[in-house]
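The basis for the numbers below is simple: all heavy atoms, side chains too, and nothing from hydrogens, waters or symmetry mates. Convention: sequence-line order gives letters A, B, ...; per-chain numbering from 1.
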Amino acid sequence: MSSNEPATEIPKAYDPHGVEPEVTRRWLEAKIGAATPLANGETGDTYSIVIPPPNITGALHLGHALNNTLQDVLIRYHRMKGDRTLWMPGTDHAGIATQTVVEKRLLAEGTRRLDMGREAFVERTQQWKSDYEAIITGQLRELGASCDWDRTRFTLDEMCATAVRHAFYHLFKDNLVYRGKRLVNWDPVTQTALADDEVEMENVDGHMWYLRYPLADGSGHVTVATTRPETMLGDTAVAVNPTDPRAAALRGRHVRLPIVDRLIPIVEDDYVVMADPDSSDAKAQFASGFLKVTPAHDPNDWDIGVRHDLAVINVMAADASISDQHGWEDISDEARQFVGMSREEAREAIVAWFEANDLLEEVRDYSHSVGHSYRSHVPIEPWQSDQWFVAVTDDRLRGNALRAQDASQVPELPEGVNARGDQQGDGEMVFHPERYARTYHAWHANIRDWCISRQLWWGHQIPVWSRRLHPDILDAVALAALDGVGLDEARQIEGVWSAAGAVHTVRRITDDEIEEAVCVPPDATLRRLDRVDASFDEPGLVKALEAAGFERDPDVLDTWFSSGLWPLSTMGWPYPEDFPDSIGLLESFNPTSVLITGRDIITLWVSRMTMFNRYFMDGQLAFEDVFINTLIQDGHGQRMSKSLGNGLDPRDVIHTHGADALRFTLVQMSTDTQDVRMPVELICPHTGEVFAPEWITTPAGHLVAAPIQHSPSDPSKTMLSPYGVAIGAAEPTDDVPLARLTSPKFDLGRNFANKVWNATRFALGRVEVGQLPEVVDETVHLFPDRWILARLHETLARVEDAIENYHYNVYADALYDFIWRDVCDRYLEAIKPTVDGNAAQQAVLAAVLDAVLRILHPVAPFVTEALWTNVSAVRRGEVEGLELPSSDLLALAAWPVVNDSLADPGVVEAFERVDQLVGSIRAVRSERNVKPKQQVILHAPITVRELIATASGTVETLAGVGEVLEMEGAERPAAASSLTFEGSELWLSGLAEEIDLDAERSRLQKIIDAKSKQVSGFEGKLGNPGYVNNAKPELVEETRRLLAATKEDLTAAETAMAALAP
RNA sequence: GGGCGUUUAACUCAGUUGGCUAGAGUGUCUCCCUUACAAGGAGAAAGUCGGGGGUUCGAGUCCCUCAACGCCCA
């Protein structure tokens, strides 16, 4: 059988598109990601990751590609290591974000959410979800993500919904969920509360108005400065800084609020900025020193109100118009004229009123930042409304989140938090990189209760039914429970609903209104409750409640509530037996091994998962490690975003470079810094050329690709940049098409994949199938074989250490160095003359290649899997010290084991000397323009000839040396070049016809200069008594040795130079 | 306003507790289409490690300070 046949079957260049779909098909067919939980009583190592569920709002971007590649590397590594692995895939319903994109789509179609109704809208959104879930999971598969696809979850699916309902019920019962009036970020147009991160800060050119408030005793006035005069109707105090010189005189006095005629106190609070016209801080420049305090309409004022026990008077309706129907009871006749005005109209009218009454002191232009709704783009209104909250400030939640942290990363816990104890999970959560432990920790120090209700339709509807009653018709139990309890404080009571399994609370809304709220557990929970009245199932209970006049809360839960349960809900919690596929998952895979995510959601997500998992699972962590991946910016250090048109689509990169190239490059870029830059270039749609676009600066100061770009080789042809499309400059046409983005950084990964492909082609052509010995004993190895096995041993250790410590770039670099530099450039070249006919060497070659594919697989799964079939087909026999059990699929093959018996520091060191020598010879060859095929003659002293002999042909092969001659007593051949090596002068002859003496002299002079510089450096060090006395003795010894060696090199070069003298 | 990060070759980045002559990839230059790979091979040039100060025998690395850029939170 000819040894060259397999090579001819493999194409010359790696073609990712020809390979990836077939490889993916084989993985899916074999269900490589399928997780098998440990059976009862079974033991073994497990490894699990839950995917940060991508939002179904759109397709995955490059950041997702990075995040998921990093997870897949770990999963594939641990799978090969023999761990039971689970990578749980899924998507997030992303409440407000999804509802917004669907509403936008509806508007474009001419319908509105309110017109179609809740049910139809949810159905429509469900369709959107199906479309994007398919796109997203398709993208993940294209990327090579080896998730357990049969378990794909969705935060709104039945399993997750059960978990959400159960968790809510549990928290409600434990008094960790409550209803309260709070200031929320209110969007008066869409009439919903927004999360803080849904508020966009925008700079607004406005005014600072200076209003006079008369003192109650008529002795004068104070002047308050405000940007929002319309809210003065709700003022309940004026605040002054206690260190203000005017404060003492005003202590205990009151102000008569104009228009409203309300008597309000002057309070002292150090939040108030003191007036200072010379300050560099604009706030101080514009301050009057007196702050009007409106707790119902400003979050800072709310806090002041809490500190000073001030009244909260809400003067606005849900649409932000002035209203006396939402808690404003002391309205005056004068004030009545403003009721019904929009907040903008009211502002003008009130300013006019102050001016007309001679109470407007001054108006100044003032630019400040104002929160706007990211949905309607109007200024948000801090507005008091009824919302549901989770009491995350409770030690059962916050304390658990903080105690989870590794004590060496965060030694001190805040005051009021119990110390770490011996509860499971305490002190066991570790952040990588370490600095993010502080981010997590600091956030919890000032945490507030978590508002979890959202006025949306898309999400988990809050499972609470309520009704309001007059106290007169309330039963005795309820009345007794509320005895002595203030407004808005709920109390749990026992009654028919609780007998049936629900949690029943009452609270006083006003003096003559009581609210009853009933939290209904999911049916799965209800069935298992030990209850007095077990005649109700969940639908029956709901029916009974509604018959009694209860209505379900229309709001849905904040998306993060369901995401916070992700490591539990996806594994079937709380009742896996109801979902047979998930039996055993919690026991085997929770806590998960690591969470990989972005730093922007350490607070929103990481914290909540930790709180929930620990709370519901008796302290058990959601994950043991948290790895925060880098953020990819564009080439100018700007965040990639749709609006700047600078975001790369992973599908484009897979198309131009292949999935392995994408993965390898991303992993190679993953250092432990927080940002990395990815310079983007355009692909000309006319010619396919890649070019750097022409940049322009946007009004906001961003560097973006000009909307219209010119083809680099034919400027008459134009195209549209993604930025041009983003700002709507034009629609792409046939003449002016859209240019796609790419980055030259991915060339690295593509070239590397191709290199591996070709190295394998070479090797396969050299290994004679069926000729390999059963077992190759170490004693038969030639020098390069012993060396490459020793290097494999070193590389494996380095790779394992890198992966296990999340040093992704080290993993990629170690592979790149070993495969390209050692295996390809050195080993394959060195064995070319001997490998044919040497069965033992062929066995080593095949084994090394096999091991290379295994250790490369986690980062470059496609090319390695594609080659695996060929490599495992030819490999026969074993190399002693290497454990490489066979497997049909590489994805399911074992991670290689390289025994320490293959470590060989002596050979590694000898090879380094060989490398040095080869380098010097090659430099001379290049300098003298010696053709690659031409063999040269090396004249060397005995020590060097011994090294060459030890290396058994490696030097000759790599350096193109045909003959090695003794130097002792020999004449220097004419036209020879000199080189220096380890202090000796060596000659190279047989180079070319002629020698250029000038070039030769300048080459030698360069060596002399460099060596002289080094010599003086070493001498300087050794002449310094401080160094000789203080540095480690072995270091000083090493410097002495280097000095001596370098001096010898210098002498040799000088001798050579002298020989060239005319 | 608080916190964090970055600044090393033309570009993108490594450089682990201070210690061998500061590295890699891309790009540039020279040579080579050598039967694995031109997405390749061989060689070369290229750095006052952001500025200033300090600690030390010794600083890219530790400390202080200034500057620029970026991110997160408020």
Side-chain angles (χ1 to χ4, degrees), chain A residues 4 7 10 12-14 196-197 201 273 281 283 299-300 433 435-436 438-439 442-443 446 598-603 630-631 633 635-639 657-658 661 665 668-669 671-679 692 743-745 747-766 801 805 807 809-810 812-813 816-817 820-821 824-825 828-829 832 918-919 921-934 958-960 1003 1006 1010-1011 1013-1015 1017-1018 1020-1021 1023-1032 1034-1036 1038-1039 1041-1043 1046:
Chain A
N4 287 321
I10 303 178
K12 202 168 167 182
Y14 174 53
D196 289 343
D197 59 314
M201 301 308 284
V273 177
D281 179 13
K283 272 193 181 143
N300 294 312
R435 62 175 174 279
Y436 294 112
R438 291 197 294 278
T439 306
W443 184 72
N446 306 310
R599 65 179 179 276
D600 47 338
I601 54 175
I602 290 174
T603 54
T630 55
L631 198 101
Q633 302 174 331
H636 305 110
Q638 306 167 131
R639 194 171 181 153
H657 290 79
T665 300
Q668 200 264 347
M669 289 174 76
T671 63
D672 78 356
T673 59
Q674 60 182 17
D675 309 304
V676 288
R677 290 186 187 196
M678 174 78 72
S743 174
K745 294 213 72 159
D747 293 354
L748 165 82
R750 181 197 55 186
N751 295 354
F752 186 50
N754 189 57
K755 189 73 180 177
V756 173
W757 182 264
N758 278 295
T760 308
R761 279 178 67 223
F762 166 80
L764 290 172
R766 296 306 174 104
D801 183 76
N805 291 293
H807 297 149
N809 64 315
V810 175
D813 287 343
Y816 191 94
D817 277 355
W820 202 314
R821 302 273 84 94
C824 295
D825 291 349
L828 295 185
E829 294 304 325
K832 275 180 181 174
V918 168
I921 297 170
R922 283 174 168 179
V924 173
R925 290 179 60 112
S926 179
E927 203 76 38
R928 296 284 303 266
N929 287 325
V930 178
K931 297 277 180 250
K933 277 182 179 166
Q934 189 179 339
L958 295 183
R1003 186 175 64 81
K1006 265 198 294 190
K1011 297 287 180 190
K1013 206 174 142 195
Q1014 288 168 18
V1015 165
F1018 294 136
K1021 267 192 175 178
N1024 178 351
Y1027 177 70
V1028 179
N1029 295 331
N1030 294 319
K1032 281 182 227 131
E1034 55 270 31
L1035 197 64
V1036 177
E1038 177 65 8
T1039 310
R1041 198 189 61 73
L1042 274 170
L1043 174 60
T1046 315

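When all heavy atoms are compared, the tightest approach of A/T1046 to A/Q1014 is CG2-OE1, 3.5 Å. The heavy-atom pair separating A/E829 from A/D825 by the smallest distance is CG-O, 3.1 Å. Closest approach of A/M669 to A/V676, counting heavy atoms only: O-CG1, 3.4 Å.
Residue A/K12 places its side chain closer to B/rA38 than to any other of B/rA36, B/rU21, B/rA38. Ranking B/rC20, B/rC4, B/rA14 by closeness to the A/R438 side chain, first place goes to B/rC4. The A/K931 side chain lies nearest to B/rC32 when the options are B/rC32, B/rA36, B/rC20. Comparing B/rG43, B/rU21, B/rU12 by their nearest atom to the side chain of A/S926 picks out B/rG43. In this structure, of B/rG41, B/rA14, B/rG19, it is B/rG19 that holds the atom nearest to the side chain of A/L1035. Distance from the side chain of A/N758 is smallest for B/rC37 among the nucleotides B/rU21, B/rC37, B/rU34. You'll find that the side chain of A/C824 is closest to B/rA36, out of B/rA36, B/rU21, B/rA39. Residue A/Y1027 has its side chain nearest to B/rC57 when only B/rC37, B/rC57, B/rU21 are considered. Taking every side-chain heavy atom of A/P679 into account, B/rU12 is the closest of B/rG70, B/rU12, B/rG19. Closest to the side chain of A/Q633, out of B/rU21, B/rG70, B/rA14, is B/rG70.
Here A/T439 does not reach the OP1 or OP2 of B/rC72: none of its side-chain N or O atoms lies under 4.0 Å away. In this structure, A/K1032 does not reach the B/rC57 phosphate: none of its side-chain N or O atoms is under 4.0 Å from OP1 or OP2. For B/rG40, the OP1/OP2 oxygens have no side-chain nitrogen or oxygen of A/W757 closer than 4.0 Å. Regarding contacts with the backbone of B/rC71, every side-chain N or O of A/T630 stays at 4.0 angstrom or more from both OP1 and OP2. Phosphate proximity of B/rC71 to A/R599: absent, as no side-chain N or O sits under 4.0 Å from OP1 or OP2. A sub-4.0 Å separation between OP1 or OP2 of B/rU56 and a side-chain N or O of A/N1030 is absent. Dashed line: the shortest gap from a side-chain N or O of A/R821 to OP1 or OP2 of B/rG25 is under 4.0 Å. Between A/K745 and the phosphate of B/rU12, there is no side-chain N or O to OP1/OP2 separation shorter than 4.0 Å. Contact annotation: A/K832 reaches the phosphate of B/rA36 (side-chain N/O to OP1 or OP2, under 4.0 Å).
Nucleotides B/rU61 and B/rA14 are separated by 13 Å at their C1' atoms, to the nearest Å. Taking atom C1' on both nucleotides, B/rA45 is separated from B/rG27 by 13 Å, rounded to a whole Å. Of the P atoms belonging to B/rG1 and B/rC66, the separation is 14 Å, rounded to the nearest Å. Across the C1' atoms, B/rU56 and B/rG19 are found 12 Å apart, a figure rounded to whole Å. Distance check on atom C1': B/rG53 versus B/rA39 gives 49 Å, rounded to whole Å. B/rU21 sits 22 Å from B/rG25 when the P atoms are compared, rounded to a whole Å. Taking atom P in both B/rG43 and B/rU26, the straight-line distance is 14 Å, to the nearest Å. Remark: the separation of the P atoms in B/rG70 and B/rU12 is 14 Å, to the nearest Å.
Residue-level contact check: A/A442 touches neither bases nor backbone, having no heavy atom under 4.0 Å from any strand. At a threshold of 4.0 angstrom between heavy atoms, the contacts of A/T671 are confined to the sugar-phosphate backbone, with no base atom among them. Counting any heavy atom pair closer than 4.0 Å across all strands shown, A/P932 reaches a base atom. Contact annotation for A/D825: backbone-only contact, meaning every heavy-atom pair under 4.0 Å involves sugar-phosphate atoms and none involves a base. Within 4.0 Å (heavy atoms only), A/Y816 reaches sugar-phosphate atoms of the nucleic acid but no base atom. Within the nucleic acid shown, A/V810 has no heavy atom closer than 4.0 Å to any nucleic acid atom. Within the 4.0 angstrom heavy-atom criterion, only backbone atoms of the sugar-phosphate kind lie near A/K1021; the bases stay farther away.
One atom, CG of A/N929, and another, P of B/rG41, lie 20 Å apart when rounded to the nearest Å. Note: CZ (A/R925) to P (B/rC31) measures 17 Å, nearest angstrom. Residue A/N1024 contributes atom CG, which lies 17 Å from atom P of B/rG19 at whole-angstrom precision. In this structure, A/N805 places its CG atom 11 Å from C1' of B/rU16, rounding to the nearest Å. Residue A/L958 contributes atom CG, which lies 10 Å from atom P of B/rG43 at whole-angstrom precision. Here the C1' atom of nucleotide B/rG70 and the CG atom of A/D600 are 15 Å apart, to the nearest Å. Rounded to an integer number of Å, the gap from A/K1011 NZ to B/rU21 C1' is 9 Å. Atom CG of A/D675 and atom C1' of B/rG70 are 6 Å apart (whole Å).
Put simply, the side chain of A/E829 and the base of B/rA36 share a donor and an acceptor less than 3.5 Å apart. Scanning atom types as modelled, one donor and one acceptor separated by under 3.5 angstrom connect the side chain of A/K755 and the base of B/rC37.
Heavy-atom distances to RNA chain B give each of A/L748 and A/K1006 a nearest nucleotide, and the one nearer the 5′ end belongs to A/L748. Each of A/D817 and A/D813 was matched to the nucleotide of RNA chain B holding its nearest heavy atom; the match closer to the 5' end belongs to A/D813.
For the pair A/K755 and A/Y816, the cation-pi test (distance below 6.0 Å, angle within 45°) is failed.
One distance of note links OH of A/Y14 with CG of A/N754; it measures 10.0 Å at 0.5 Å rounding. To the nearest 0.5 Å, atoms NE2 (A/H807) and CG (A/D801) are separated by 7.5 Å. To the nearest 0.5 angstrom, A/T630 atom OG1 is 9.0 Å from A/M678 atom CE. Distance check: A/L1035 CG to A/N1030 CG gives 11.5 Å after rounding to the nearest 0.5 Å. Of the inter-residue distances, the one linking A/K1006 atom NZ with A/E927 atom CD reads 5.5 Å to the nearest 0.5 angstrom.
Under the side chain to side chain donor-acceptor pair (under 3.5 Å) criterion, A/N809 pairs with no residue at all, not counting sequence neighbours.
In a base pair of the Watson-Crick type (N1 to N3 plus N6-O4 or O6-N4) or a G-U wobble (N1-O2 and O6-N3), with each distance short of 3.5 Å, B/rG1 is matched with B/rC73. B/rA67 is paired with B/rU7 under the criterion used here, namely a Watson-Crick or G-U wobble arrangement in which both key atom distances are under 3.5 Å. Applying the Watson-Crick and G-U wobble criteria (two distances, each under 3.5 Å), B/rU28 pairs with B/rA44. For B/rC13, the paired base is B/rG23 (Watson-Crick or G-U wobble, both distances below 3.5 Å).
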